There are 2 protein chains.
Amino acid sequence: MGLSRNDLLTIGQLAERSGLATSALRYYEKLGLIHAERTSGNQRRYARATLRRVAFVRAAQRVGLSLEEARTALDRLPEDRAPSTAEWSGVAQSWQSRIDRQIDELERLKVKLTGCIGCGCLSLSRCALYNAEDRAAAAGPGARYLLTRDPSSGPEPHPSTG
Amino acid sequence: MGLSRNDLLTIGQLAERSGLATSALRYYEKLGLIHAERTSGNQRRYARATLRRVAFVRAAQRVGLSLEEARTALDRLPEDRAPSTAEWSGVAQSWQSRIDRQIDELERLKVKLTGCIGCGCLSLSRCALYNAEDRAAAAGPGARYLLTRDPSSGPEPHPSTG
DNA sequence: GTGCAAGTTGAAGTCGACTTCAAGTCAAGC
DNA sequence: GCTTGACTTGAAGTCGACTTCAACTTGCAC
């Protein structure tokens with residue numbers, strides 16, 4: 001399990017240690033999330049700090065960021081060393097409020113479901129589940145685009161061609 | 001805004017009332033989530049109860065179910081009337097535990113982030129963010145496949161061809 | 001110096017949940 | 001009866017985050 005040489009990781013080693021597939025790491029590199037030196041034979045060699053960047057990206061995804069957003073956040077942290085408390089706390093705090101919003105939305109949904117049990121609900125007239133008001137609010141990771149259909153808030157699902 | 005005739009909704013009306021696009025409703029029909037009668041001219045006409053089914057599907061998505069899973073859950077509820085308290089409570093309770101798991105995972109992530117602020121963390125040796133142990137646990141809606149790489153738990157990301 | 005696992009590339013495929021398109025048909029108001 | 005907007009279909013496109021493929025090259029153990 002030891003590193004083969006002076007602290008540089010092959011893509012396979014980074015994959016094993018980060019829990020990601022090598023193909024994912026190459027993909028991350030293409031997006032500019034991580035970066036590797038090359039051997040004379042053109043193989044990638046990663047600095048150990050890359051492990052940190054990968055962990056950061058995975059955590060970012062868990063808070064609901066896209067890889068593109070993760071890249072932006074990553075740009076505000078140093079590439080070659082651990083961030084200082086100050087550097088880190090800004091990021092962490094904005095993530096915390098994201099998490100809080102997600103938790104909040106889940107709590108509200110839970111209350112609605114409980115209400116529905118109590119009132120024998122799902123009748124068309126006044127079930128809370130039918131009131132879509134806060135659909136766009138905070139939805140979990142990855143789900144934002146799936147559950148939002150309210151044109152007055154948040155990004156459009158696929159504004160590409162039309 | 002009134003219904004044009006005897007309680008049957010056109011696809012446009014159902015779209016407006018449910019907040020979904022007509023294309024989404026046709027897609028739901030193709031998946032067997034909803035069903036429509038037809039006019040002599042082959043246009044869809046929906047019973048009002050369809051509104052309930054659609055609402056159910058959207059709620060299911062918010063708890064993290066796929067449309068396929070929603071269809072399965074839907075099969076256990078009556079198609080033409082509001083479910084009884086008994087019929088509903090089984091579903092609602094299983095959703096609640098899903099929600100609880102999701103909240104739980106978010107709480108844990110939040111604690112980790114707080115820890116990282118306090119300890120000037122993100123050093124490679126012992127930052128909690130690096131310990132991926134519970135990655136596969138509960139992740140939010142839609143995110144399960146993105147964040148899971150642990151072969152010992154949960155569904156494989158894309159086991160299709162290989 | 002050879003064998004073979006592990007690396008390289010770009011292009012194409014996958015997944016779920018839809019949307020968009022093209023080419024036509026229906027329904028309802030005037 | 002005509003116009004026009006809402007509807008019909010199947011096929012193809014979109015999105016993000018990867019994975020898979022094919023054809024090839026490197027690097028390390030023996």
Side-chain angles (χ1 to χ4, degrees), chain A residues 4-5 8-16 18-33 36-46 54 57-58 60-62 64-71 139 141-149 155-162, chain B residues 4-5 8-16 18-33 36-46 54 57-58 60-62 64-71 139 141-149 155-162:
Chain A
S4 52
R5 200 172 287 262
L8 287 180
L9 302 166
T10 67
I11 195 169
Q13 289 168 332
L14 183 59
E16 189 178 2
S18 67
L20 281 167
T22 58
S23 57
L25 294 172
R26 284 191 212 99
Y27 178 65
Y28 282 12
E29 182 173 329
K30 193 154 66 179
L31 297 190
L33 290 161
E37 295 167 50
R38 297 296 181 123
T39 64
S40 57
N42 198 36
Q43 295 197 355
R44 291 172 180 82
R45 288 298 179 271
Y46 294 95
V54 171
V57 171
R58 300 304 272 174
Q61 287 184 297
R62 285 203 273 169
L65 298 182
S66 67
L67 291 181
E68 183 53 32
E69 291 170 312
R71 202 187 49 72
R144 278 165 303 149
Y145 295 92
L146 306 179
L147 297 177
T148 301
R149 271 314 304 171
E156 292 284 335
H158 297 315
S160 51
T161 48
Chain B
S4 52
R5 201 172 288 261
L8 288 180
L9 301 166
T10 67
I11 195 171
Q13 288 167 334
L14 183 59
E16 190 179 1
S18 68
L20 281 167
T22 58
S23 58
L25 294 173
R26 282 190 214 99
Y27 179 65
Y28 283 12
E29 182 173 327
K30 192 153 68 180
L31 297 191
L33 290 161
E37 295 167 50
R38 297 297 180 122
T39 65
S40 57
N42 198 35
Q43 295 198 356
R44 290 173 180 82
R45 289 298 180 273
Y46 294 96
V54 171
V57 170
R58 300 304 272 176
Q61 286 184 298
R62 286 204 272 168
L65 298 182
S66 68
L67 291 181
E68 183 52 31
E69 291 169 313
R71 201 187 50 70
R144 279 163 302 149
Y145 296 91
L146 307 178
L147 298 176
T148 301
R149 272 313 303 171
E156 293 283 334
H158 298 313
S160 51
T161 48

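Since we're looking at a predicted model, the values are computed, not measured. Note on naming: letters A, B, ... go to the chains in the order of the sequence lines (proteins, then strands), and numbering restarts at 1 for each one.
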Between CZ of B:R62 and P of C:dA17 the distance, given in whole Å, is 16 Å

Could you check A:R26 against A:E29 for salt bridge (Lys or Arg N to Asp or Glu O under 4.0 Å), going step by step and ending with a plain yes or no?
CA-CA 5 Å; A:R26 284 191 212 99; A:E29 182 173 329; over 6 Å; no

Which nucleotide in D:dT9, C:dT9, D:dC7 has an atom nearest any side-chain atom of B:I11:
D:dC7

Check whether any side-chain N or O of B:E69 sits under 3.5 Å from a backbone N or O of B:S66 as a donor-acceptor pair, and report yes or no.
yes

Of all the choices, C:dA17, D:dT8, D:dC18, which nucleotide is nearest to the side chain of A:Y28 once you look at every atom?
D:dC18

Looking at D:dT9, I'd like to know if its phosphate oxygens (OP1 or OP2) sit under 4.0 Å from a side-chain N or O belonging to B:R44.
yes

B:Y27 side chain: which of D:dC18, D:dC28, C:dC18 is closest?
C:dC18

Using a cut-off of under 3.5 Å, enumerate the N/O to N/O pairs linking the protein to nucleotides 23-25 of chain D.
none

Would you indicate which nucleotide in C:dT9, C:dA17, D:dT8 comes nearest to any side-chain atom of B:L67?
C:dA17

Side-chain contact check for A:S23: nearest option of D:dT20, D:dT8, C:dC18 is D:dT20

Considering only heavy side-chain atoms of A:N42, the closest of C:dC18, C:dT8, C:dA27 is C:dT8

Rounded to the Å, how far apart are B:E37 CD and D:dC7 P?
16 Å

As a test of reading the structure: which of C:dT9, D:dA17, C:dA17 is closest to the side chain of A:R26, going by heavy atoms?
C:dT9

Any side-chain N or O of B:T39 under 4.0 Å from OP1/OP2 of C:dA27?
yes

Short side-chain N/O contact to D:dT26 OP1/OP2 from A:S40, under 4.0 Å:
no

